[in-house]
J.: 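The structure that follows is given in the form of structure tokens.
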Amino acid sequence: MAQKPSIPKGTRDFSPGEVARRNYIINTIKQHFETFGFLPIETPSFENLETLLGKYGEEGDRLIFKILNSGDFLDKVDPHTYQGKDSAALLPMITEKALRYDLTVPFARYVVMHQNELQFPFKRYQIQPVWRADKPQKGRFREFFQCDADVVGAQSLLQEAEFVQLYDAVFTSLGLKGVVLKLNHRKVLSGIAQIIGAGEKLIDFTVALDKMDKIGQEGVVREMKQKGISEEAIAKAKPLFSLAGDNDDKIGQLRRLLQGSEAGLQGVEELATLFKITESLGLDELQLQLDVTLARGLNYYTGTIFEASAPAGVAMGSIGGGGRYDDLTGIFGMQDLSGVGISFGLDRIYLVLEELGLFPEELDRTLEVLCVNFGASEALAASRLVKKLRMAGVRADLYPSEAKLQKQFKYANNRKVPFVLLLGEEELASGSFVAKDMVSGKQHTYSLDALDEFLEAL
RNA sequence: GUGGUUGUAGCUCAGCUGGUUAGAGCGCUGGAUUGUGGUUCCAGAGGUCGCCGGUUCGAACCCGGUCUUCCACCCCA
């Protein structure tokens, strides 16, 4: 019985046009990664479950795709657990591998395992799919690509500045104007929490703060109260909600607000330095914006936090993010190794470029020359012509069958081929071919011996 | 994971309070045009109405389940 085929929720097929567009983005990112001195690595699509568990918080653990043990996976389950239907207890008995959830944790694992072979500071990039058992939405998939660049073993703030430049270079190359790179600092956040006396509630405090642009000040206050943050703490944090002006103004306000928190002040100074370096280096299209409500990846970020958001008017969450993590490798037994990294969300960047019509037209021009097929003897001559064109690096093809000219031309038209070559009986006799420019409709005859003439016209 | 939403031709979508043979535009195939596409005209093909079950004399339409899409929450690229 034939059944309708389907693919799992949140996954997609990519047709030739989409692959061309995805490769265009990937190649742009890759090119900049390499000019910035990053080296490529790849890691397995699945890891040992224990490598991933506990690294992304409770929510993250839930979203990790677990792989069922092979063979008789119930073999190791004792009857009591089986009867009890306790998923949490059952889990470790039936699964010990899981699909990669991001590229950062596998990278940390990689660094620890290969520490003796690596030159520090080590700059790596990695472009691979990751998987999350999330509920799909627009721009949110269960299988998607991340493009990560990280440096480990370098403390300097220059690294952060480099990543700002890298974001700018990539988005500028893609023609994406109006991308805002939001910046914050983990120490600023913890400093604030400490000053207002909500130090133990740091996570709840920042998670609530992060929703500012979504639910507004009132909503944030309501959520903070709900999480048990005191009224006076919230009152003290009020100035944060209305932090205004340019980045320098905000820095000044934070300096005053964070008097008395050494860590907080250190965070502010780091941000100030980062702004200063960036100002002297200059930016092309990227806009830099200090945003104290930005609170991402708190499970491992310890310093600067980045988030790139789509240009205003495009309904898409963040299209990239990153930050500094002082001790990511610590959990794998390698202490005191500082890292900074950023990520580009390929799939979301795709959707944004598509919505804004920013993909170059030539991505659809997959064939430069199509040779019409007039029958056996003409086609043989045409094959020789096509072979020469291919050796010259031209994307050329011969229509495989002697179909009606109308059909062959229509095919060329749909494939957006700019030149159609005609090599029929007449041309064969005179040792020439006709090239038709499909845009202008003009035709020109060339000698088969003088291909260069045609190649120049291409 | 919670709540909601969507699904009709290859694509984008109509389809009235349930009523014969489910429509349009685009695309596709053939012809006008046996060495010329993109424009025009003519003709044609193409549908288990997401899937399973129920109500009914009768279901694309109502009910239940399920899958999928998108949205909000959670979280995130």
J.: Which base, if any, makes a Watson-Crick or G-U wobble pair with B:A43, both distances under 3.5 Å?
T.: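 Because both required distances fall under 3.5 Å, B:A43 counts as paired with B:U29.
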
J.: Quick check, are the ring centers of A:Tyr125 and A:Phe36 under 6.0 angstrom apart?
T.: no

J.: Do any side-chain nitrogens or oxygens of A:Lys211 fall under 4.0 Å of OP1 or OP2 in B:C74?
T.: yes

J.: Measure centre to centre between the rings of A:Phe344 and A:Tyr167, then say whether the value is under 6.0 Å.
T.: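 Yes; A:Tyr167 has its ring centre under 6.0 Å from that of A:Phe344.
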
J.: Hunt down the Watson-Crick or G-U wobble partner of B:U20, both distances under 3.5 Å, from any strand shown, or write none.
T.: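 Check on B:U20: unpaired, no WC or wobble geometry under 3.5 Å.
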
J.: A:Lys214 side chain N/O closer than 4.0 Å to the phosphate oxygens (OP1, OP2) of B:C73?
T.: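 Affirmative; the distance criterion is met.
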
J.: Are any of A:Asn414's side-chain N or O atoms less than 4.0 Å away from OP1 or OP2 of B:C28?
T.: yes

J.: I'd like to know if A:Asn413 reaches the base of B:G37 with its side chain, counting only an N/O donor and acceptor under 3.5 Å.
T.: yes

J.: Closest approach to the side chain of A:Arg348, judged atom by atom: which nucleotide of B:A77, B:G37, B:G31 is it?
T.: B:A77

J.: Answer with base, sugar-phosphate or nothing: what part of the nucleic acid does A:Gly322 contact at a heavy-atom distance below 4.0 Å?
T.: nothing

J.: Answer yes if the ring centres of A:Phe454 and A:Phe433 are under 6.0 angstrom apart, and no otherwise.
T.: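 Ring centroids of A:Phe454 and A:Phe433 are less than 6.0 Å from each other.
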
J.: Rounding to the closest angstrom, what is the interatomic distance between B:C52 and B:G19 at atom P?
T.: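 One P to the other, the span is 22 Å.
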
J.: Using 30° and 60° as the class limits, which term best fits the ring planes of A:Tyr101 and A:Tyr56: parallel, tilted or perpendicular?
T.: tilted

J.: Rounded to whole angstrom, note down the C1' distance from B:U68 over to B:G30.
T.: 37 Å

J.: In terms of side-chain heavy atoms of A:Gln443, which of B:G1, B:A77, B:U36 is nearest?
T.: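 Ranking B:G1, B:A77, B:U36 by closest atom to the A:Gln443 side chain puts B:U36 first.
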
J.: Using atom C1' in both nucleotides, what's the gap between B:A22 and B:A14 to the nearest angstrom?
T.: 11 Å

J.: How are the rings of A:Tyr110 and A:Phe122 set relative to one another: parallel (under 30°), tilted (30 to 60°) or perpendicular (over 60°)?
T.: parallel

J.: Please work out if A:Val439 contacts a base, only the sugar-phosphate, or nothing of the nucleic acid, heavy-atom cut-off 4.0 Å.
T.: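 Touches a base.
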
J.: Can you check whether any acceptor in the base of B:G35 is under 3.5 Å from a donor in the side chain of A:Glu427, or vice versa?
T.: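 Check passes, donor-acceptor contact within cut-off.
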
J.: Counting only Watson-Crick or G-U wobble pairs whose two distances fall under 3.5 Å, which nucleotide matches B:A59?
T.: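 Pairing partner: none.
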
J.: Is a donor-acceptor contact shorter than 3.5 angstrom present between the side chain of A:Lys135 and the base of B:U2?
T.: yes

J.: How far does the C1' atom of B:G7 sit from the matching atom of B:U69, given to the nearest Å?
T.: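 That atom pair is separated by 8 Å.
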
J.: Tell me whether the side-chain N/O atoms of A:Gln137 come closer than 4.0 Å to OP1 or OP2 in B:A72.
T.: yes

J.: C1' atom, B:C73 versus B:G50: distance in rounded Å?
T.: 27 Å

J.: Do A:Lys436 and B:U36 have a side chain to base donor-acceptor pair shorter than 3.5 Å?
T.: yes

J.: On the side chain of A:Arg140, is there an atom forming a donor-acceptor pair with the base of B:C75 - under 3.5 Å, no angle test?
T.: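 Side chain to base: pair present.
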
J.: Distance alone, cut at 3.5 Å: any donor-acceptor contact between the side chains of A:Thr293 and A:Asp210?
T.: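 Note: A:Thr293 and A:Asp210 side chains miss the donor-acceptor criterion.
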
J.: Would you measure the distance from the P atom in B:C63 across to the matching atom in B:U17 and give it in whole Å?
T.: 14 Å

J.: With rounding to the closest Å, how many angstrom separate the C1' atoms on B:A9 and B:C76?
T.: 38 Å

J.: Would A:Phe144 pass as stacked on B:A77, i.e. its ring centre under 5.5 Å from the base's six-membered ring centre and planes under 30° apart?
T.: yes

J.: Is the closest side-chain donor-acceptor distance between A:Tyr446 and A:Asp452 under 3.5 Å?
T.: no

J.: Please determine, for the side chain of A:Val434, which listed nucleotide (B:U68, B:G35, B:G1) has the closest atom?
T.: B:G35

J.: Can you tell me if the side-chain N/O atoms of A:Lys138 get under 4.0 Å from OP1 or OP2 in B:C70?
T.: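 For B:C70, neither OP1 nor OP2 has a side-chain N or O of A:Lys138 closer than 4.0 Å.
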
J.: Write down the distance separating the C1' atoms in B:A60 and B:C13, rounded off to the nearest Å.
T.: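 Per the computed distance, 15 Å lies between those C1' atoms.
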
